[in-house]
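The structure appears below as structure tokens.
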Amino acid sequence: MWVDVLVERICEERSAPYVVNDAWTPSGPAHVGSLRGVILHDAVARGLRERGYPVEFLYGFDDFDPLDGIPPSVPEEAYRPHMGKPLCDVPWHEGDARSFADHFAGEFESVFRAVGCEPQTYRTSHLYRSGAFDPALRTALDRAAEIVAIEREITGSRRAERHPVQVLCEACGRIGTTVVLGWDGQQVTYECRPYKVTWAQGCGHRGRRVPFRGGAKLAYRTEWAAKWALFGVKVEGAGKDHMTRGGSHDTASAVARRIFGVEVPFPIPYEFFLLGGKKMASSRGGVGARELLQVLRPELVRFLVVRAYYRTAIDFDPSGDAIPRLYDEYDRAAAAYFGQLPARTPGEVQDVRDLARTFHYAWLKPTPPQPFVRPRFSKVAFWVQMPHVRVEEQVEREKGGPLTDADREELGARVEDARRWLEKWAPSHYRIAVREAVPAECADLTAAQRELLARLADHLEGAALEPEVVQAAIHTLKAELGLSAKEAFGAVYVAFLGKDSGPQAGALLATLGREFVVRRLREASGRQPVGHGV
RNA sequence: GGGCCGUUAGCUCAACUGGUAGAGCAGGGGACUCUUAAUCCCAAGGUUGCAGGUUCGAGUCCUGCACGGCCCUCCA
């Protein structure tokens, strides 16, 4: 199981205590890829902890970065004047005291807490304003030329020369628009340029200021290296866009080694998380991390990430069979974890062991789970649609005993997921839906089946529409006509559902109302009512 | 051009540091003979993309190739 393999290698290649770090810029709603990052780091931290090492799991919100784009979910006019300011200095448009950064950081934090990730969070703005980053800032200013040279070397000088420090403009409060002109060991001279970047306009101010305690920030790649040095980070993964050769991770690594003199954290390059084949990035809209929790419950979200090898892309498409399949795999992993999955060959023994570990890392809480019933998802989805079925009784019968609290909790979650799935994602053949018009499939009915439908219509016209009555009538008629149960009931299902199976026929028809039932039976039979015109 | 990933049964995917290629679904056969038939049982289905190599042994390791996806630009 890949988490265990990574943990093993980390123990060989880096020494304890382990600081595991991950970070994200709260510039909009977090997308699912960021969620993969947190879950991955959380699982690795858990694995290291279980080996008895001291582990610190940190999660940074890069809220001192400039606002460089406006997410589509937010009114553009409210933020246009703030373009280029640090995210932590941009007020949230809906009145309360929070900043733009705090809003999105808080939102994402509640998502990753829900899937069981418990890092200690920090904000880069605090690192700057508290002075924690001042030594790194001084180093970067003193050795700016070296850092620029490193960037050019690593990236193959594809990019324009860029100073590793950005000053916060005293006149307009922007940080994305300034350039450093000089550094005398005490103060930086800088200019806030109108056309430095396309997404924000600097005010033109030219000044001198002390860069410390929040007066300036490190450029992204240097800042990354500085964080490793400051916290002594031993493990930090990143999406493959950072990890490509000559990319930001390579630059940060060189800066870490040559400028700050620290070891590069154990890298974990992980693949993207796609939803329905499209990349979900906050800047492009689409389904975010929060929305994923409205598709899958937290246990399944975490399982989805943990079971996939970290170097392969996850492409989750909630339509189709994906959710029932995911549930089946989750149940298999749970069975392996609880020792309920038999293994015969050595290969199977290993498979079961891996599955059990996967479930272990997917489990939300640090405390081990107690066994719980796992009625198959597709079955639950069927039961919740049957008017006469009480799901809890069904599960009790399958289990062969009364349900525990854990059982009931699990079942409740499944029922809720099943209803949501049926409503939003399930392919139509999973839905038991009474057709509004006579199904075309009725053309395939035999003469005897048509006869049965016609006689059933006649019978029900004068009888109580009770489940037992309907049920008994079908059985009587099938005997009269020499039909099998499958042929008889199949005809009824086809007439209403367009397919040859469904919930108990009596219960189904009883919920539909006599007039409709009789009319539909006659239409499907292709016969005129006995003794009536029309 | 560089990098990463993928290619295994009709479909969706498994298979630890190399050790008899598995599962779900679909399809086939059968069972329960008044319906929780979306259940249960059985069988079948694969020269693991192609060509080489290493090995007693390769889906797994190495080399090359083909096809597909993504990343390498700004920003993070």
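Throughout, protein chains are lettered first and strands after them, A, B, ... in sequence-line order, and every chain is numbered starting at 1. Note: hydrogens, waters and symmetry copies are ignored here, and every other heavy atom, side chains too, is used.
Comparing B:A76, B:U39, B:C34 by their nearest atom to the side chain of A:K379 picks out B:U39. Closest contact between the side chain of A:D62 and the listed nucleotides B:C4, B:A76, B:U39 involves B:A76. Picking from B:U35, B:C5, B:A76 the nucleotide with the shortest atom distance to the side chain of A:F489 gives B:U35. Looking at the side chain of A:W199, the nearest of the listed nucleotides B:C74, B:U35, B:A76 is B:C74. Of the candidates B:C5, B:G2, B:A76, the closest approach to any side-chain atom of A:T244 belongs to B:G2. Here B:C4 is the nucleotide among B:C74, B:C4, B:C71 with the atom lying nearest to any side-chain atom of A:E271. Checked against B:C74, B:A76, B:G24, the side chain of A:D328 finds its nearest nucleotide in B:G24.
Between the CZ atom of A:F272 and the C1' atom of B:C5 there is a distance of 12 Å, given to the nearest Å. Rounded to a whole Å, the CG atom of A:D250 is 17 Å from the P atom of B:G2. Taking atom NZ of residue A:K240 and atom P of nucleotide B:C5, one finds them 9 Å apart after rounding to whole Å. Rounded to an integer number of Å, the gap from OH of A:Y309 to C1' of B:C13 is 17 Å.
Look at the P atom in both B:G49 and B:C40: the space between them is 33 Å, to the nearest Å. Across B:U33 and B:C16, the matching C1' atoms stand 49 Å from one another, rounded to whole Å. The separation of B:C13 from B:U35, taken at their P atoms, amounts to 39 Å, rounded to a whole angstrom. Taking atom C1' on both nucleotides, B:G30 is separated from B:G46 by 26 Å, rounded to a whole Å. Atom name C1', nucleotides B:C56 and B:G6: the rounded distance is 31 Å, in whole Å. The separation of B:A66 from B:G28, taken at their C1' atoms, amounts to 36 Å, rounded to a whole angstrom. With both ends at atom C1', the span from B:U7 to B:U48 equals 9 Å, rounded to whole Å. Taking the C1' atoms as reference points, B:C62 lies 12 Å from B:U55, given to the whole Å.
Paired with A:N21 under the rule side-chain hydrogen bond (donor to acceptor under 3.5 Å, both in side chains), one option of A:W228, A:Y122, A:W224 passes, and it is A:Y122. Of the residues A:Y361, A:Y310, A:Y270, the one that meets the ring-ring contact (aromatic ring centres under 6.0 Å, His included) test with A:W2 is A:Y310.
Looking at heavy-atom distances under 4.0 Å, A:R332 makes no contact with the nucleic acid at all. Using a 4.0 Å heavy-atom criterion, one finds that A:Y310 contacts no nucleic acid atom at all.
Ring geometry, A:F61 versus A:Y59: the interplanar angle exceeds 60°, so the pair is classed perpendicular (tilted spans 30 to 60°). Under the 30°/60° scheme for interplanar angles, the aromatic rings of A:Y337 and A:H360 are found to lie parallel.
With pairs defined as Watson-Crick or G-U wobble and both atom distances under 3.5 Å, the stems of at least three pairs that touch RNA chain B come out as B:1-7 with B:66-72, B:10-13 with B:22-25, B:28-31 with B:39-42, B:49-53 with B:61-65.
Annotation: side chain of A:Q471 is in contact with side chain of A:H475 (closest heavy-atom distance under 4.5 Å). With a 4.5 Å cut-off on side-chain heavy atoms, A:V165 and A:L218 count as touching.
A salt bridge is absent between A:E236 and A:K227; no separation between the charged side-chain nitrogens and carboxylate oxygens falls under 4.0 Å.
Between A:V197 and A:V5, it is A:V5 whose nearest contact on RNA chain B lies nearer the 5' terminus. The residue among A:Y493 and A:P66 whose nearest nucleotide of RNA chain B lies closer to the 5′ end is A:Y493.
A:L453 contributes atom CG, which lies 8.0 Å from atom CZ of A:F496 (distance to the nearest 0.5 angstrom).
OP1 or OP2 of B:A14 has not a single side-chain nitrogen or oxygen of A:R325 nearer than 4.0 Å.
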